[in-house]
Structures are given as structure tokens and as C-alpha cells.
*Asks:* 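To start, I am sharing the structure in question, which I have written as C-alpha cells.
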Amino acid sequence: MQRHLISAADLTRDDAVLILDTAEEMARVADRPIKKLPTLRGRTVVNLFFEDSTRTRISFEAAEKRLSADVINFSAKGSSVSKGESLKDTAQTLEAMGVDAVVIRHGASGAPYTLANSGWIDAAVINAGDGTHQHPTQALLDAFTMRRRLVGRDVGLGRDLAGKRITIVGDVLHSRVARSNVDLLHTLGAEVTLVAPPTLLPVGIGSWPCEVSYDLDSTLPKADAVMMLRVQRERMNAAFFPTEREYARRYGLDADRMAKMPADAIVMHPGPMVRGMEITAEVADSDRCTAIEQVANGVSIRMAVLYLLLGGNEPAVGQARPSVSQQPSDRRPAHTVSTDEEK
Ligand code: NCD
């Protein structure tokens with residue numbers, strides 16, 4: 001594992017599978033009455049959010065607290081950033097306070113990379129979404145959700161998503177979720193098809209490791225998972241489609257379209273959902289939609305990432321309880337997770 005998590009493209013297959021397997025261990029902690037591990041006791045993590053967020057910010061905070069880290073929340077609104085302070089000065093202020101990890105969301109693509117490579121701080125940097133570029137923990141939680149649903153929860157450890165067919169639909173142009181998913185799903189052996197109007201596909205899409213289609217209906221019957229993306233109006237400076245009604249008619253997922261998917265295929269959405277636009281309320285609330293499950297899985301993934309970046313080389317916290325799903329020993333993470341009470 002690298003010291004920072006900036007892009008899903010930086011992860012090897014083994015890195016990604018290690019994070020997914022560690023997240024399975026973390027998920028077991030969430031099923032216990034006391035959902036806390038002492039792993040990051042005495043470590044300080046700062047959540048540095050320059051852009052709006054609900055799920056990602058709360059999810060990182062929950063993950064940090066479950067690992068017993070000291071958590072500092074920073075949002076640009078109400079801070080000295082609104083007085084014109086630069087990222088460098090903000091970073092140096094954090095460094096002076098002795099932080100061990102910085103979770104950063106920023107409107108500028110590349111901001112987390114700059115922070116990690118500038119020499120301004122020593123802390124591990126985790127990208128929680130930068131502009132239209134990357135959102136690696138979202139791709140990891142999506143892959144975790146797919147592995148559980150499509151490969152199996154108990155046989156999943158050590159496994160990737162080889163041969164699974166994933167369709168990603170909507171505003172690919174502005175979506176860091178789509179970029180990160182294409183990178184990670186390709187690394188994990190899945191076959192990805194992007195579906196969007198031509199105006200919402202980026203220049204150079206031909207070099208991405210995926211298929212591209214303009215026709216949603218023809219891709220649905222062969223998909224194992226269909227991931228719907230929000231139309232990111234806040235990043236648009238022009239009209240990319242005639243009307244919302246027209247967009248929903250051609251690229252929205254409603255019950256009739258969902259019926260064209262194989263019976264066990266799932267519908268995914270990173271949130272926030274715009275009901276009536278890319279997804280109807282009926283589909284969003286159906287059993288096949290994993291949006292809420294993705295949020296819960298996000299906490300386990302972020303715990304795994306923090307653990308591996310900040311403490312993963314040290315022995316685990318106590319002895320592991322033998323897991324229900326015993327795996328081939330060479331595929332298991334070198335470290336396992338347990339609570340104090342198990343020592
Ligand atoms: C996404 C994001 O912020 O990139 N949401 C998320 O992190 N759960 C997608 C979006 O905003 O539509």
C-alpha cells in the first residue's frame with residue numbers, strides 16, 4: 001500500500017482486495033454491541049471539507065471514531081479560507097497541530113495530490129473527492145457492495161469481480177465517481193459499460209478501459225449491476241441536454257426499465273439521488289437498490305483504509321476471532337481485527 005490514497009488508479013489488484021477483505025473484518029465490528037476498536041487511539045485525523053458533503057463526511061467521521069482516533073472537523077465555510085487563506089497555509093496550520101491523517105474534499109481536481117506531494121505536511125492524505133477527478137473510497141465501497149451482492153459475502157474474501165458486468169449511467173463528464181469506478185473495476189477484472197448522452201461524456205473516453213453506449217435499454221439485459229449517477233448541475237456551465245424530462249425519458253431508471261435487468265442484478269447509486277431525474281422513487285425504494293447499503297459499507301471501507309494507511313503494519317489489536325468464512329490462508333490480510341474484550 002502507498003502512504004496516501006489519492007486515486008483508485010494507484011491501487012493494484014492486491015491492494016484493492018486487501019482493503020475489501022479488511023473492510024469485511026471491520027463490518028463485523030459494526031455488528032457488535034460496542035462498535036469501537038482502539039486501533040487509532042492517540043492519532044489525530046482532520047476532515048478537511050472545502051465542498052458540500054453529507055454521506056462522505058459523516059461516514060469518515062464515523063469510521064475515525066470507531067477506530068478511536070481524535071477527530072477534527074474543518075469546513076471551508078466559516079473558516080479562514082473564506083478570508084482568502086490558501087491551501088498551503090491551511091495545511092501548515094494543521095501540520096503545526098500534529099495531525100496524522102488528512103481527509104480532504106476539494107472542488108479543484110488535483111488538490112489532494114498537491115497536498116500529499118508538496119512537502120507542506122507529513123500526514124497521510126486521503127482523497128474524499130476532488131473536482132471531477134477521483135473519489136477512491138466511493139469506488140472501494142461500491143466494489144465492496146458488488147462483491148458482497150454478486151460474488152457472495154462469505155466466499156468473497158480474496159476474490160475480485162472478474163467477469164462481472166457493470167453499467168454506469170448518467171453524467172460521466174462531471175463524475176469523479178464514474179472515473180474512480182472505471183479504474184477500480186477494471187483492476188478488479190470487471191467489464192464496465194458507460195451509458196450517457198454524447199454531451200455528458202468526456203473527451204478522450206476512447207482510451208478508458210471500458211465500453212461506451214448511448215442506449216441504456218440495450219445494455220440492461222446483460223448487466224449484473226447498474227449504477228446511476230446524479231446529473232451534477234453545480235458543475236455545469238452550459239445546457240448539456242434539452243430538458244430534464246427528455247433526460248429522464250432516455251437515461252432515467254424506472255420500474256419498466258429495471259424489469260429488463262436480470263432478476264438478480266442490483267441498482268446502485270452513490271447519493272445524493274435526485275428522484276424523478278436519474279431514478280424514480282419506485283426504483284430507489286425497491287429491494288434491488290443498494291443505496292443505503294452502500295452508505296453502511298462506506299464506514300467499513302473507510303475504517304479499513306484508515307487502518308491500513310495509519311496502523312496496518314503493526315500487529316492487529318489482539319487475537320482475531322476465527323472468522324465464519326475461513327479463507328485460503330495466503331489470501332487473508334496479514335493483520336486481523338478484534339476488540340479489546342477478545343484479548
Ligand atoms: C458523489 C460525489 O460527491 O462525488 N457523492 C458521494 O460522495 N456520495 C456523487 C454526487 O455528488 O452526485
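Remember, predicted model here, so these are calculated numbers, not experimental data. Start at 1 and go down the list; that is how both ligands and their atoms are numbered.
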*Asks:* Can you find an N/O atom of R230 closer than 3.5 Å to an N/O atom of ligand 1?
*Replies:*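 Looking only at distances, the answer is yes, because the N/O contact criterion of under 3.5 Å is met.
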*Asks:* For P270, take its heavy atoms, then give the atoms of ligand 1 lying under 4.0 Å from any of them.
*Replies:*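 Within the 4.0 Å cut-off of P270, ligand 1 contributes 8 (N).
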*Asks:* Show the atoms of ligand 1 that are less than 4.0 angstrom away from any heavy atom in Q232.
*Replies:*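 Per the distance check, 9 (C), 10 (C), 12 (O).
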*Asks:* In terms of atom number and element, which parts of ligand 1 are under 4.0 angstrom from non-hydrogen atoms of Q138?
*Replies:*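 Once the distances to Q138 are compared, the set is 6 (C), 7 (O), 8 (N).
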*Asks:* Do the numbers put R302 on top of the ring of F60, so that NZ or CZ is under 6.0 Å from the six-membered ring centre and no more than 45° off the axis?
*Replies:*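 Yes, a cation-pi geometry holds between R302 and F60.
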*Asks:* Any atoms of ligand 1 less than 4.0 Å from a non-hydrogen atom of V177? List them with their elements.
*Replies:*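 Answer, ordered by atom number: 1 (C), 4 (O), 9 (C).
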*Asks:* Between ligand 1 and G271, is the shortest N or O to N or O distance under 3.5 Å?
*Replies:*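 Yes, G271 has an N/O under 3.5 Å of an N/O on ligand 1.
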*Asks:* Applying side chain to side chain donor-acceptor pair (under 3.5 Å), run through R149 and T290 and close with a yes or a no.
*Replies:* CA-CA 9 Å; R149 285 289 200 118; T290 59; over 6 Å; no
*Asks:* Going by heavy atoms, is R105 under 4.0 Å from ligand 1?
*Replies:*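 Judged by the 4.0 Å heavy-atom criterion, R105 does count as contacting ligand 1.
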*Asks:* Is the backbone of R159 close enough, under 3.5 Å, to the side chain of R147 for a donor and an acceptor to pair up by distance?
*Replies:*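 Between the backbone of R159 and the side chain of R147 there is a qualifying donor-acceptor contact (under 3.5 Å).
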*Asks:* Ignoring hydrogens and angles, tell me if any N or O in the side chain of Q134 forms a donor-acceptor pair with the backbone of I6 under 3.5 Å.
*Replies:*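 No, because the side chain of Q134 does not come within donor-acceptor range (under 3.5 Å) of the backbone of I6.
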*Asks:* Is T12 reaching over with its side chain to a backbone N or O of D15, donor-acceptor style, under 3.5 angstrom?
*Replies:*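 Judged by distance alone, yes, a pair lies under 3.5 Å.
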*Asks:* For atom 4 (O) of ligand 1, what's the nearest protein heavy-atom neighbour? Residue, atom name and distance, please.
*Replies:*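 Ranking protein heavy atoms by distance from atom 4 (O) of ligand 1, first comes R176 NE, 2.7 Å.
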*Asks:* With atoms numbered from 1 as shown, which atoms in ligand 1 lie under 4.0 angstrom from a non-hydrogen atom of H135?
*Replies:*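 Per the distance check, 2 (C), 4 (O), 6 (C), 7 (O).
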*Asks:* Taking the non-hydrogen atoms of S53, is any one of them nearer than 4.0 angstrom to ligand 1?
*Replies:*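 The answer is no: ligand 1 sits nowhere under 4.0 Å from a heavy atom of S53.
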*Asks:* Output yes when a side-chain donor or acceptor of R43 lies under 3.5 Å from a complementary backbone atom of L310, and no otherwise.
*Replies:*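 Between the backbone of L310 and the side chain of R43 there is a qualifying donor-acceptor contact (under 3.5 Å).
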*Asks:* What are the two closest non-hydrogen atoms of W208 and G204, and how far apart are they?
*Replies:*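 Looking at all heavy atoms of both residues, the closest pair is CD1-O, 3.5 Å.
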